[in-house]
Amino acid sequence: MPEAELAKSEAMVRVRFAPSPTGYPHLGNIRTALFNWLFARHNGGSFILRIEDTDVARQVEGAIDTILDSLRWLGLDWDEGPYFQSQRSEIYREVADQLVKEGLAYLCYCSPQRLESMRREQIERKQPPGYDRHCRYLAREKRTELEASGITPVVRFKSPLEGQTSFYDLLRGDIVFENSTLDDFVLLKSDGYPTYHLANIVDDHLMVISHVLRADEWLSSTPRHILLYQALGWQPPQFAHLPMILGSDRAKLSKRHGATAINEYRNQGYLPEAMVNFLALLGWSLDDVTELLSRQEIIKHFSLERISKTAAVFNRDKLEWMNGVYLRCLSLEEFTRQAIPFLERGLPLEIERPLETHYTRQIMPLIQERAKTLAEVPQLSEFFFVDELEYDVSLLLGKIEDTQAVKALQASIAKLEALENWDMASLEAVLRPMADELNLKTGVFFGLLRVAITGRTASPPLFQTMEVLGGERCLKRLRVALNKLSVSEFG
RNA sequence: GGCGCAUUCGUCUAGGGGUUUAGGACACCUCCCUCUCAAGGAGGAGAUCACCGGUUCGAAUCCGGUAUGCGCUACCA
């Protein structure tokens, strides 16, 4: 980065996140928000939230709330706003009027139908599609006639016909566009709302935005914005176009890519801290080895210089792994607190609510080590809560013959009925020697008990599980297992 | 079609002329631990640094071209 640019970027930092409520924010949107927030926090600047709701037709119900919720969930607090562009129409209109008055923009009366057929013809003739500037050169009489006709015009910017427009991108360096490739884009729509191009630069100027950090998809529009700044005699902010986040098919993230809305990740049991850590590493890195960073560490080290230039494919496996790491870092109290809503929601309906707190608290340490997301907690712990286990007898006989299984279960029941202290150590002290007595490998014997106790072949450690379940439940389950075996013998 | 940006293991990335037989992470495989699972530990496999030229004593690193990918090309943002 040249020194002059560096110096500018060190001045008072004011950045904004400017989502459009035409959909729910996905990973890509939120990553942009995160980078802006990190940049502001690192530099002691301001993070401003602005809702770009100028497309009334495509507005999605509830999108604004979801945007605010998502930012709050991730702890991306804003210092100003939310500002709503829909409430600032007067401002944009005045700027558009001024540009028309100065001859830098003009009224266009072309119908959508005409524009559409024009575009179709251009594509057919393999010409670059773009407005043909029909209304830019309207004769005076014709214009007066159209004004009288009652058609509501749009306002278009008079793009220069030749020359170049260039700017310095903080990430990518000098970028140059031929003005001849730019058409006369719309500033003010016929419904009175501004387009992105107009609203964006007016607000960035009025809100004294110092740096525009936005997704790469905006790079191509930037020359228009530069031209507008020039037309208005305003100093443009610094630009940095961030690499996009792609779906596994390497295409721009969209609804097709599964749970793209960020609040879906919350529902699926991801922790905001894990999400922040993961997202920060999607396009930024500290060094060659660090993967786990706290929010404070990210803020401390965040810099534009270390943002990568290449689009990144979202790797869900890695997010899961990281979330598991964060889950295991939680205190038991915190993990339990967070897991309970997922249990209440995800456990079978017949289990009584609210869940018994003391019992649940005993279960959670066994689950915490094994869950990658909170949404997995009900599935992992279901057998602790249900009265009747549902499993196939064949599971009991996985590695053992039925006569031996029956014998082993009978012996276990007899020994356990006499057990005085139902705790992990006592259980192990009784059961481990039994494997020898029964002439079974511990793996086989404990495996049998595991299925009888949990209904599964994989579970938390047997003795811990039995201690938490308690003697009454365990003995009942052992008898049920024995019964299953005898029934199957006759069936 | 035009314009723009990008191109290092499957994925996220480090590396920015000699330190590189290209480092780390996820996923995968093997082994250890072990009552199963998970976690953890130790290993392994996986990248002719897109390709072709050039600059240089020397290039993943600099330059040019090509290819490929992505983005933009709306009275969407």
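Small disclaimer: the values here were computed from a predicted structure and weren't measured. By convention in this document, chain letters (A, B, ...) are assigned in the order of the sequence lines, proteins followed by strands, and residues within each chain are numbered from 1.
A:V444 comes within 4.0 angstrom of no nucleic acid atom, judged by non-hydrogen atoms across all strands. Across all strands, A:R119 comes closer than 4.0 Å only to sugar-phosphate atoms, never to a base (heavy-atom distances). Looking at heavy-atom distances under 4.0 Å, A:S285 makes contact with sugar-phosphate atoms alone, never a base. Note on A:R156: only backbone sugar-phosphate atoms sit closer than 4.0 angstrom, heavy atoms only; bases stay farther off. Among the atoms of the strands shown, none is found under 4.0 Å from any heavy atom of A:T454. Within the 4.0 angstrom heavy-atom criterion, only backbone atoms of the sugar-phosphate kind lie near A:F177; the bases stay farther away. Within 4.0 Å (heavy atoms only), A:P460 reaches at least one base atom of the nucleic acid. Backbone-only engagement by A:K126 is indicated by non-hydrogen atom pairs under 4.0 Å involving sugar-phosphate atoms exclusively. Nucleic acid contact for A:T310: sugar-phosphate only, since backbone atoms but no base atoms lie under 4.0 Å from a heavy atom of the residue. Counting non-hydrogen atoms under 4.0 angstrom, A:V154 reaches a base of the nucleic acid. Here A:T442 lies in heavy-atom contact (under 4.0 Å) with sugar-phosphate atoms only. Note on A:T54: only backbone sugar-phosphate atoms sit closer than 4.0 angstrom, heavy atoms only; bases stay farther off. At a threshold of 4.0 angstrom between heavy atoms, the contacts of A:P21 with the nucleic acid are absent. Using a 4.0 Å heavy-atom distance criterion, A:R114 is classed as making no nucleic acid contact.
Side-chain atoms of A:E291 and base atoms of B:G24 include a donor and an acceptor less than 3.5 Å apart. Taking 3.5 Å as the limit, the base of B:C5 and the side chain of A:R172 contain no donor-acceptor pair of atoms between them. Taking only distance into account, the side chain of A:S190 meets the base of B:C75 through a donor-acceptor pair shorter than 3.5 Å.
Between B:C76 and A:K189, a contact under 4.0 Å exists linking OP1 or OP2 to a side-chain N or O. A sub-4.0 Å separation between OP1 or OP2 of B:C35 and a side-chain N or O of A:R432 is present. Residue A:R306 places at least one side-chain N or O under 4.0 Å from the OP1 or OP2 atom of B:G15.
Judged by distance alone, with hydrogens and angles left aside, the side-chain atoms of A:R306 form a donor-acceptor pair with the main-chain N or O of A:S285 at under 3.5 Å.
Atom OH in A:Y92 sits about 17 Å away from atom C1' in B:C75, given to the nearest Å. Here B:U13 presents its P atom at 9 Å from CD1 of A:I245, a figure rounded to the nearest Å. The distance from atom CZ of A:R224 to atom P of B:C76 is 13 Å, rounded to the nearest whole Å.
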* To do: Start with the C-alpha distance between A:R328 and A:E369, add both sets of side-chain angles, then the distance that settles salt bridge (charged side-chain N to carboxylate O under 4.0 Å, His left out), and finish with yes or no.
  => CA-CA 6 Å; A:R328 275 175 261 126; A:E369 295 177 59; over 6 Å; no
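In this structure, A:F446 and A:F463 have perpendicular ring planes: the angle between them is above 60°, well past the 30° mark. Ring-plane geometry between A:Y196 and A:W218 is classed as parallel, the angle between the planes falling under 30 degrees on a 0 to 90 degree scale with a further cut at 60.
Atom P of B:A47 sits at a distance of 24 Å from the matching atom of B:A42, rounded to the whole Å.
Nearest to the side-chain atoms of A:L115 among the listed nucleotides B:C35, B:U73, B:C75 stands B:C75.
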Short N/O separations, protein against nucleotides 69-71 of chain B, under 3.5 angstrom:
residue, atom, partner, partner atom, Å
B:G71, OP1, A:K252, N, 3.2
B:G71, N2, A:S220, OG, 3.1

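With salt bridges taken as basic N to acidic carboxylate O contacts below 4.0 Å, none links A:R58 and A:D53.
Stacking of A:K484 on the aromatic ring of A:Y391 is recorded, both the 6.0 Å distance cut-off and the 45° axial limit being met.
Take the nearest nucleotide of RNA chain B for A:P112 and for A:W284: the residue whose nucleotide is more 5' is A:W284.
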